[in-house]
Structure formats: C-alpha cells, structure tokens
Amino acid sequence: SWCGCGAGHHCPRASQPAQGPRYQRTPMPPDTSAPARLMRILHAALFTGVATIAIVMIVTGMNGIRPAPTVPPMIGLILAGVGALLVVMAAAVARPRIPTRGSTESADAYWTPARRQSALVLWAILEAAGLLGVVGYAVSGSIAALALVPVAIIVGVFFRPGALEV
C-alpha cells in the first residue's frame, strides 16, 4: 500500500494502523437547561444591535463622517414602507402563532423548541424592519425611514420574552 508521503513509493509504514489524534473532540450538546434566559439574551442582542447601528448612522451623519446621501429620498420612503409592512406582518401574522403560557407552566417549560423558533421569526421580522429603516436613512437621508427604527424597537419590546410568557 502507499504511505501517502508524496514520494510515490511503497512504504512499510502504510500497513501500520494510523495514529489518531491524541485527544478526541466531541461536540458539546447545546445548553437547553435555561431556555427562558437564552431567549431573553437573544431578544436583547437583536434589538440592541438595531439601536446601536441606528445611533452610529445618526452620529456619523451629523459629524460629516459618513458621505452625504446620493440616493433620491423616494428610496428611503420605499424602504420605510416595506419596513412598516414588516412590522404589521410581525404583529398580525407572526405574533398570533406564539401561544400564551399556561398558569402552571414555568418560564423554562414554556420555551419549547417550536415556541423558540416562532419567537425568533417574530423578532427577526422586527429586526429586519428596523434595519430597513437604518439603511433607508443611511442611503437617502429619509427621516421617515429613520422614524421606523424606534417603532420596530418599541414593538419588539412589546413582544419581549416576558410579555410572550404572560
């Protein structure tokens, strides 16, 4: 058999069993012991990120660090409109898919994998709406697009994990 050393010859070492790594890496299972805490962390991270990006865009625009918008304001209005539709879709379609918690159910027991997925979809839709507002403001200077950001964040606060568990 061939040893694989690249020399293209028959090697007696090739018949020996291959030495494995000195240690075996086993994948760690995800920590599902505190899903309520995990959902609170994810929610906070998503909406803190949107707020941070919006603040950076506002500050860089005011200080002249970011170039002046070159896209017509209509683009910002279009992005604001699409973002507003996403907020409405999140409230009207995604939120009703998440059931309320039973009176005897603990917060951790409430967050089943299906409910976690539904909540993440809801928050991702709201995050997308906020990011569309940020992008609309950044590329066109549209205040309407910028106004969408706090709307998306406020609706996200209404749909925080603690409010969904009630």
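Fair warning: this is a prediction, and the values are worked out from it, not measured in the lab.
- The distance from atom CZ of Arg37 to atom CG of Leu42, rounded to the nearest 0.5 Å, is 11.0 Å.
- Taken together through direct or relayed side-chain contacts under 4.5 Å among Ile, Leu, Val, Met, Phe, Trp and Tyr, Leu120 and Leu38 form part of one hydrophobic cluster.
- Here the side chains of Pro69 and Val139 are not in contact, with every heavy-atom distance at 4.5 Å or above.
- Interatomic distance, CG of Leu122 versus CG of Leu46, reported as 10.5 Å (0.5 Å rounding).
- How far CG of Leu132 is from CG of Leu85: 10.5 Å, rounded to the nearest 0.5 Å.
- Once rounded to the nearest 0.5 Å, the distance linking CD1 of Ile58 with CG of Leu146 reads 4.5 Å.
- Distance alone, capped at 3.5 Å, places no donor-acceptor pair between the Thr48 side chain and the Ala45 backbone.
- Taken from CG in Leu131 to CG in Leu126, the straight-line distance is 11.0 Å, to the nearest 0.5 Å.
- When hydrophobic clusters are built by joining Ile, Leu, Val, Met, Phe, Trp and Tyr residues whose side-chain heavy atoms come closer than 4.5 Å, directly or via intermediates, Ile125 is not grouped with Ile153.
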Listing, residues 156-166 side-chain donor-acceptor contacts under 3.5 Å, not counting sequence neighbours, or none:
| residue | atom | partner | partner atom | Å |
| --- | --- | --- | --- | --- |
| Arg160 | NH1 | Val157 | O | 2.8 |
| Glu165 | OE1 | Arg40 | NH2 | 3.0 |
| Glu165 | OE2 | Arg40 | NH1 | 3.0 |
| Glu165 | OE2 | Arg40 | NH2 | 3.4 |
| Glu165 | OE2 | Trp111 | NE1 | 2.6 |

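- Not counting sequence neighbours, the partners of Arg115 by the salt bridge (charged side-chain N to carboxylate O under 4.0 Å, His left out) test are Glu105.
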Subject >> Test side chain to side chain contact (heavy atoms under 4.5 Å, CB included) applied to Val87 and Leu148, step by step >> reply: CA-CA 9 Å; Val87 171; Leu148 178 64; 4.3 Å; yes
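- Under the 4.5 Å side-chain heavy-atom criterion for grouping Ile, Leu, Val, Met, Phe, Trp and Tyr, Met89 is not connected to Val155 through any hydrophobic cluster.
- Note: Ile75 CD1 to Ser142 OG = 10.5 Å, rounded to the nearest 0.5 Å.
- The shortest side-chain heavy-atom distance between Ile98 and Tyr110 falls under the 4.5 Å cut-off.
- Nearest approach of Ser140 to Gly76, heavy atoms of both residues: OG-CA, 3.1 Å.
- There is no path of hydrophobic side-chain contacts, each under 4.5 Å, that joins Val134 to Ile65.
- Shown here for Gly130 and Ala152, the closest heavy-atom pair between the two residues is N-CB, 3.7 Å.
- Residue Pro150 comes nearest to Ala147 through the heavy atom pair CD-O, 3.2 Å, listed as atom of the first residue, atom of the second, then distance.
- Clustering ILVMFWY residues whenever any of their side-chain heavy atoms sit less than 4.5 angstrom apart, transitively, puts Leu77 in a cluster other than the one holding Met57.
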